[in-house]
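Worksheet: one structure, shown below.
Position 1 is the first residue of the sequence, and the numbers go up from there.
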Amino acid sequence: MPFRPDLPTRFKRPTVLIVGCGDVGQRVARLLQGRWRVLALTSSPARAPALRALGALPLLGNLDDPATLGRLAGLADAVLHLAPPPGEGPSDPRTAALLHALARSTRVRRIVYGSTSGVYGDAGGARFDETRAPLPASDRARRRVDAEARLRWHGWRFGVAVTILRIPGIYAADRPGGHPRERLARGTPVLRAEDDVYTNHIHADDLARACIAALHRGLPQRVVHASDDTELKMGDYFDLAADLCGLPRPPRITRDEARKQLPAMQMSFLSESRRLDNRRLREELRLKLRYPTVRDGLLA
């Protein structure tokens, strides 16, 4: 039953459109079964059976082909936008195409967007809240800043409540590539303590719950750090994971040695150090983390 404000509360079942129904989107769909009507945008007809099994109604469309998005207008009360930008360029035409399609109707009243904490660039290990201005140091981060700006403008222009979740590293044992044991097994080195950087984390299940909390309680045009309570440097994180998995701790190397041994993408993450204050997540979205630290999550 579509959401209708003229119906008694007990009959209302709002509709959410999930755009980017990967690992986290699928976790959200499972949690919303029976509570929301879930639509899921997919560019692959082959994925339709798997999405139906999650309780979602698949809609065929491709963010890289705006002509396929026309039917999205007017279908949902809320949108959960988890689709990544393209792999190159300083802007995000995918988000632009989605918002252009949604602007054809006034039904969507809330959008939750999964951004990245990478928009801040390097903070020198400082701990800060969402009032800090973004300072992206790569096109990868600039694409996210562009998407955030487009979403905020859309919210202001059309009266839509937009909540931006800035997300750090996502992990979970059942997430593809989401557990540090794979890297530990390869023996990939980490930085020595004096060269190391602070890193932030969120368990995939807690992130899915944060998305749902934002759908219910996100404030208009608001940024929220979707991060757990952990304050660890990256090397300490992998040391902890190694100890919990019964694996050797990774070798420690200098930053100069890392530049010679590690790929450029990995080095970009080792060039940014920050600690995210998650007070808004806990107080505004009222989310009680199931895995408040990475130790909790890795043990689970």
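Between the side chain of R166 and the backbone N or O of V119 there is no donor-acceptor pair closer than 3.5 Å. A donor-acceptor contact shorter than 3.5 Å links the side chain of D146 to the backbone of D92. R143 places a side-chain N or O within 3.5 Å of a backbone atom of P86 that can act as its donor or acceptor partner. N200 contributes a side-chain N or O that, together with a main-chain N or O of L276, makes up a donor-acceptor pair within less than 3.5 Å. The main-chain N or O of C21 is found under 3.5 Å from a side-chain atom of R47 such that the two form a donor-acceptor pair. Of the possible polar contacts, one joining the R110 side chain to the L215 backbone as a donor-acceptor pair under 3.5 Å is found. For the pair S91 (side chain) and P93 (backbone), a donor-acceptor distance under 3.5 Å is absent. Using a distance-only test at 3.5 Å, with no hydrogens or angles considered, a donor-acceptor pair links the side chain of R183 to the main chain of P189. Proximity of a side-chain donor or acceptor of D122 to a complementary backbone N or O of S273 within less than 3.5 Å is detected.
Listed here is the closest heavy atom pair of V16 and L80: CG2-N, 4.1 Å. The two residues G55 and Q33 have their closest heavy-atom pair at N-NE2, 3.8 Å. The shortest heavy-atom contact between A204 and D23 is CB-OD2, 3.9 Å. Nearest heavy atoms, S44 versus L60: C-CD2, 4.0 Å. Nearest heavy atoms, P136 versus P134: CD-C, 3.7 Å. Taking both residues in full, the closest heavy atoms of G25 and I18 are given as O-CD1, 3.7 Å, listed atom of the first, atom of the second, then distance.
Using a 3.5 Å distance cut-off with no hydrogens or angles, the side chains of R127 and Y198 do not pair a donor with an acceptor. Under the 3.5 Å distance criterion, with hydrogens and angles disregarded, no donor-acceptor pair is assigned to the side chains of S227 and H201.
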Q | side-chain contact (heavy atoms from CB on, under 4.5 Å) between R255 and L191, intermediate numbers included | A | CA-CA 6 Å; R255 183 170 291 276; L191 292 175; 3.4 Å; yes
Q: Please step through side-chain contact (heavy atoms from CB on, under 4.5 Å) for the pair V223 and R152, ending with a clear verdict.
A: CA-CA 10 Å; V223 174; R152 282 176 152 171; 3.1 Å; yes
Q.
Assess the residue pair L51 and L57 against the criterion (side-chain contact (heavy atoms from CB on, under 4.5 Å)); give the C-alpha distance rounded to whole Å, side-chain angles, the decisive distance to 0.1 Å, and a yes or no.
A. CA-CA 7 Å; L51 293 172; L57 175 66; over 6 Å; no
Q.
Under the criterion side chain to side chain donor-acceptor pair (under 3.5 Å), I'd like the reasoning laid out for S117 against H225: C-alpha separation, chi angles, the key distance, then a yes or no.
A. CA-CA 8 Å; S117 59; H225 289 159; over 6 Å; no
Q.
Please evaluate residues L99 and I111 with respect to the criterion side-chain contact (heavy atoms from CB on, under 4.5 Å), reporting the C-alpha separation (whole Å), side-chain torsions for both, the decisive distance (0.1 Å), and the verdict.
A. CA-CA 10 Å; L99 294 177; I111 299 175; 4.0 Å; yes
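Summarising the local packing, CZ of R279 is surrounded by 12 or fewer heavy atoms from other residues, nucleotides or ligands at distances under 6.0 Å. At most 12 non-hydrogen atoms from other residues, nucleotides or ligands lie less than 6.0 angstrom from NE2 of H100. In the displayed structure, R290 atom CZ is contacted under 6.0 Å by at most 12 heavy atoms of other residues, nucleotides or ligands.
For the side chain to side chain contact (heavy atoms under 4.5 Å, CB included) test, residues two or more places apart in sequence or in another chain that qualify with T230 are D228, L232, T293, V294. Here A214 pairs with V112, T163, L165, L285 under the side chain to side chain contact (heavy atoms under 4.5 Å, CB included) rule; sequence neighbours left out.
Taking CG from N62 and OG1 from T42, the interatomic distance works out to 9.0 Å, rounded to the nearest 0.5 Å. For the atom pair CG (L32) and OG1 (T15), the distance works out to 11.0 Å, reported to the nearest 0.5 Å. Annotation: the span from I202 atom CD1 to N278 atom CG amounts to 8.0 Å, rounded to 0.5 Å.
Ion pair R274/E272 flagged as a salt bridge, since at least one NZ, NE, NH1 or NH2 atom sits closer than 4.0 Å to an Asp/Glu carboxylate oxygen.
Taking the centre of each ring, Y171 and H203 come in below the 6.0 Å mark. The six-membered or imidazole ring of H154 lies away from that of Y113, with a centre-to-centre distance of 6.0 Å or more.
Cation-pi geometry between R275 and F128 is not met at under 6.0 angstrom from the ring centre and within 45 degrees of the axis.
Residue pairs meeting the salt bridge (Lys or Arg N to Asp or Glu O under 4.0 Å) criterion with at least one member in residues 193-205, sequence neighbours excluded: R27-D205, R192-E194, R192-D195, D196-R252. Legend: salt bridge (Lys or Arg N to Asp or Glu O under 4.0 Å) pairs involving residues 128-137, not counting sequence neighbours, sorted by first then second residue: E130-R280. A salt bridge (Lys or Arg N to Asp or Glu O under 4.0 Å) check over residues 61-74, counting only residues at least two apart or in different chains, returns the pairs D64-R94.
Cluster membership for L69 and L151, using ILVMFWY side-chain heavy atoms within less than 4.5 angstrom, is shared.
Each of R249, R295, R181 was checked for a salt bridge (charged side-chain N to carboxylate O under 4.0 Å, His left out) with D243, and the lone residue meeting it is R249.
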Please table the atom pairs, donor to acceptor, closer than 3.5 Å between any side-chain atom in residues 258-268 and protein atoms at least two apart or in another chain.
residue, atom, partner, partner atom, Å
R259, NH1, D256, OD1, 2.6
S268, OG, R140, NH2, 3.4
S268, OG, M265, O, 2.5

